[in-house]
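In what follows, every heavy atom counts, from backbone to side chain, and hydrogens, waters and symmetry copies are set aside.
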Amino acid sequence: MNKNKRSSHQHDESMWKGATQAVFLNARKLRTTMTKAEELLWESLKGNKLNGQKFRRQHPVGVYIADFYNHKNKLVIEIDGDYHDTEEQQLKDIERTKFLEYNGLRVIRFKNEEVVSNLNYVLERIKEELFI
């Protein structure tokens, strides 16, 4: 029993921060319905293409799903569509960021348009955040 508790504790301290099975299932679904901006950024991140760093897409973290996550550097990358401009969503985004930061993660955000129109800038900003 003590061994199971230790394993459970290690999982909570892991990159998933106690995400439930339901969050994992939702993340899997989201991987099949990525936005154009998410797909474009993913092409530049997958396979350790950006400075040899491993990124995960639609990664469960607690009750949330990060668009992209680099565990080594504890970096969450969020790609925001127009609905993030609403006051209600901005409040939710603040709560989400607080949760992620409380769990030792850093969060950077980009707008969909930013990724599509200026991918090189976005990649440079991500590199700056990687502590490489």
* **Exercise: do Gln89 and Asp93 side chains pair donor with acceptor under 3.5 Å** => yes
* Structure fact -> When rounded to the nearest 0.5 Å, the distance separating CD1 of Ile126 from CZ of Phe55 is 6.0 Å
* Asked: Side-chain contact, heavy-atom cut-off 4.5 Å: Arg57 with Leu45?
  -> no
* salt_bridge(Lys127, Glu124) N-O dist < 4.0 Å -> yes
* Structure fact -> The reported gap from CZ in Arg125 to CZ in Arg109 (rounded to nearest 0.5 angstrom) is 13.5 Å
* If you take all heavy atoms of Val115 and Ala37, which pair is closest and at what distance? -> CG1-O, 3.4 Å
* Asked: Under the 3.5 angstrom rule, does the side chain of Arg96 hit a backbone N or O of Ile65 as a donor-acceptor pair?
  -> yes
* **From Gln58 atom CD to Thr33 atom OG1, the distance as rounded to the nearest 0.5 Å** => 7.0 Å
* **Heavy-atom pair with the smallest gap, counting every atom of Ala66 and Val61** => CB-CG2, 4.4 Å
* Asked: Under the side-chain contact (heavy atoms from CB on, under 4.5 Å) test, which residues partner Glu43, sequence neighbours left out?
  -> Lys46, Lys49
* Structure fact -> Rounding to 0.5 Å, atoms CG (Leu50) and CG (Asn70) come to a distance of 9.0 Å
* Structure fact -> Separation between CD1 (Ile108) and OG1 (Thr97), nearest 0.5 Å, reads 11.5 Å
* Asked: What is the minimum heavy-atom distance between Asn112 and Gly81, and which atoms define it?
  -> ND2-CA, 3.2 Å
* **All ring-ring contact (aromatic ring centres under 6.0 Å, His included) counterparts of Phe99, not counting sequence neighbours** => Tyr64
* Asked: What do the steps show when you test Lys72 against Gln53 for side-chain contact (heavy atoms from CB on, under 4.5 Å), and what is the final call?
  -> CA-CA 8 Å; Lys72 180 179 178 185; Gln53 294 295 303; 3.7 Å; yes
* **Verdict with reasoning, Leu41 to Leu123, per side-chain contact (heavy atoms from CB on, under 4.5 Å)** => CA-CA 8 Å; Leu41 183 56; Leu123 294 172; 3.8 Å; yes
* To do: Step by step, work out the side-chain contact (heavy atoms from CB on, under 4.5 Å) result for Met34 and Ile79.
  => CA-CA 10 Å; Met34 294 192 334; Ile79 310 300; over 6 Å; no
* From Asp67 CG over to Glu78 CD, what is the distance, rounded to the nearest 0.5 angstrom? -> 4.5 Å
* To do: Report the relative orientation of the aromatic rings in Phe68 and Trp42; use parallel for angles under 30°, tilted for 30 to 60°, perpendicular for over 60°.
  => parallel
